[in-house]
Protein chains: 2
Amino acid sequence: MADVAGHLAGISLFRGLLRAQYEELSRIGVKRSFRKGERIFSEGDEGTGFYVVCGGRVKIFKVSTEGKEQILHLCGPGESFGEVSVFTGQGFPADAVAALPSTVLFFPRVAFSSLIRQDPALALNMMAQLSKRLRQFAGLIEDLSLKEVPGRLAKYLLYLSGRDGDETVDLDVSKGQLAALLGTIPETLSRILAKLNRLGLICSRGAQIRILDRRGLEEIGLEGKRLP
Amino acid sequence: MADVAGHLAGISLFRGLLRAQYEELSRIGVKRSFRKGERIFSEGDEGTGFYVVCGGRVKIFKVSTEGKEQILHLCGPGESFGEVSVFTGQGFPADAVAALPSTVLFFPRVAFSSLIRQDPALALNMMAQLSKRLRQFAGLIEDLSLKEVPGRLAKYLLYLSGRDGDETVDLDVSKGQLAALLGTIPETLSRILAKLNRLGLICSRGAQIRILDRRGLEEIGLEGKRLP
DNA sequence: CGGAAGATTGATCAGTTTCAAGCTCCGTGG
DNA sequence: CCACGGAGCTTGAAACTGATCAATCTTCCG
């Protein structure tokens, strides 16, 4: 129990709450662990509650009938997923699988729902979180429909390097997974990485990528581009 | 003012509220009208509040640097947009333009925010609405990345006919707008409609489309398809 | 009636996927 | 310790989808 409470403070969904509220939450939260590749839920499963990532990484994705997958989001520690089911009561809208060995907190729908009813502040935090997610999705839709793959990759690399502030970034997922995140396939990703290397924009060695020409990468995302 | 209150009951965001709450809302809601094509806000504008459509239709979209637009959502009467700004306080994440002559209610951020603070039920309704939107976006992302244009069109036609229950559907937007909604351009849409006609799946005359082979349309969305 | 915006059709082309074949890395078992 | 084997990654050639450019046709208002 105390263990659960220890995690709560780092969760954006619950930021700024009072001690009493944390105690309430820790009373209903259940810790669960998943091995790498283990499924947390499938699309259409009844939404009995929502999850928060404590450690590891969870992949949220959709699969087409032919097996192609589009990653909607990679959730790291402190991020939540499955909240939508709390309010719609419908099944989960996507699949969730542990991309790394992961531990999560599970909050049952019914218990959390009544908690929210007593506590407006909790609801406000949650709305801000949902709004943030909505904004991210709008960005993803924009990227998928307006930009081509090189632009999406460039944007992602800049995002990673911006976060770490460094010139050398580490892909925290396999290239196959990165391809799915960018809405493409491993072959295409591989070719584009090779092209960016050839142009001297980056220097990639496995999962390590050094950014050589930041300006150049930014341009790819903007204009109608041609990579020679 | 009474005029404002009259609209509130039909708004899903505010469903199930008490009379007193409607009165509160009508006190802070402001009615605004827009001509067809008139801009309501632009991406990046400060989010001073959110909107609810009373009449007409509002197009929410993103534009690339080259001018190509991707419609995120077409809001009809009773639907809300711009809510995200209430909680994030950041600028709007997309553009909004009246696709038809439209009237909307505007709810200023500050006033609504304090209203929500006193009223948990209002917050719960709003969360359900945000969740619903989130679910729609997940569907849109899936469509854009997993399906090809014929599949997206087929799904949209089935959606329209399912809603009206009828075999003959009316496109409620111009073909150019429909193309943007499907993430493509008018030429491509035109070709695919012609192809569906040729195959005997539909019979289109202008904005009127009669569905001849429901099963056939469904198949297009599912399998790796080839339209001869 | 005229004209402009929207819609269709054709030809061409770039980007991406598909299919197929090597390659590299790394863990496992002999 | 080294060889084997497999998964993931890379590369090549061909096919395909959708975008672009350009021209024509339709529609629908003023």
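FYI, side chains are in, hydrogens and waters are out, and symmetry mates aren't considered; it's all heavy atoms of this structure. A note on names: the letters A, B, ... follow the listed sequences, proteins ahead of strands, and every chain is numbered from 1.
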| Heavy-atom closest contact (B:Ile71 atom, B:Gln177 atom, distance) |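 Looking at all heavy atoms of both residues, the shortest contact is CD1-O, 3.4 Å.
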
| request: Assert yes or no for the condition that the ring centre distance of A:Phe107 to A:Phe14 is strictly below 6.0 Å. | output: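 Centroid separation for A:Phe107 and A:Phe14: below 6.0 Å.
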
| message | Can you confirm if the aromatic rings of A:Tyr51 and A:Phe41 lie within a centre distance of less than 6.0 Å? | response |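 Yes; A:Tyr51 has its ring centre under 6.0 Å from that of A:Phe41.
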
In whole angstrom, what separates [X]'s [atom1] from [N]'s [atom2]?
X: A:Arg191; N: C:dC23; atom1: CZ; atom2: P; answer: 17 Å
X: B:Leu144; N: D:dT17; atom1: CG; atom2: P; answer: 18 Å
X: A:Glu187; N: D:dA7; atom1: CD; atom2: P; answer: 16 Å
X: A:Gln70; N: C:dT17; atom1: CD; atom2: C1'; answer: 15 Å
X: B:Arg198; N: C:dT8; atom1: CZ; atom2: C1'; answer: 12 Å
X: B:Gln208; N: D:dT26; atom1: CD; atom2: P; answer: 20 Å
X: A:Leu146; N: D:dG18; atom1: CG; atom2: P; answer: 17 Å
X: A:Ile185; N: D:dC16; atom1: CD1; atom2: C1'; answer: 13 Å

| task | For the side chain of A:Ser190, starting at C-beta, report the closest nucleotide among D:dT11, C:dT8, C:dG15. | result |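 Within the option list, the nearest is D:dT11.
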
| message | Which nucleotide wins on minimum distance to the side chain of B:Pro150, given the candidates D:dG18, C:dT9, C:dT16? | response |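 Ranking D:dG18, C:dT9, C:dT16 by closest atom to the B:Pro150 side chain puts D:dG18 first.
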
| field | the helix from C:dC1-D:dG30 to C:dG30-D:dC1: angle between end helix axes, five pairs per end, rounded to 10 degrees | value |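 Here the local axes at opposite ends form an angle of 30°.
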
Within less than 4.0 Å of OP1 or OP2 of [N], is there a side-chain N or O belonging to [X]?
X: A:Thr184; N: C:dT17; result: yes
X: B:Lys68; N: D:dT20; result: no
X: B:Thr188; N: D:dG18; result: no

| said: Can you confirm whether the side chains of B:Gln129 and B:Ser12 place a donor and an acceptor under 3.5 Å from each other? | reply: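 Present: a donor and an acceptor within the cut-off.
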
| task | Could you say whether A:Lys147 or B:Val173 is positioned toward the 5' end of DNA chain C, judged by the nucleotide with the nearest heavy atom to each? | result |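 Upstream on the strand: B:Val173.
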
| field | Contact nearer the 5' end of DNA chain C, comparing B:Leu189 with A:Val149 | value |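 By nearest-heavy-atom nucleotide position, the 5'-most residue is B:Leu189.
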
| Tell me, do B:Lys132 and B:Arg135 make a side-chain contact under 4.5 Å, heavy atoms counted? |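 No; the side chains remain at least 4.5 Å from each other.
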
| query | Within a reach of under 6.0 Å around CZ of A:Arg210, are more than 12 heavy atoms found that belong to other residues, nucleotides or ligands? | reply |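 No.
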
| Does B:Glu46 CD have over 12 foreign heavy atoms under 6.0 Å away? |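 No, not enclosed.
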
| said: Just to be sure I understand the rule, does A:Gly151 reach a base, reach only the sugar-phosphate, or reach nothing, if contact means heavy atoms closer than 4.0 Å? | reply: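 Touches nothing.
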
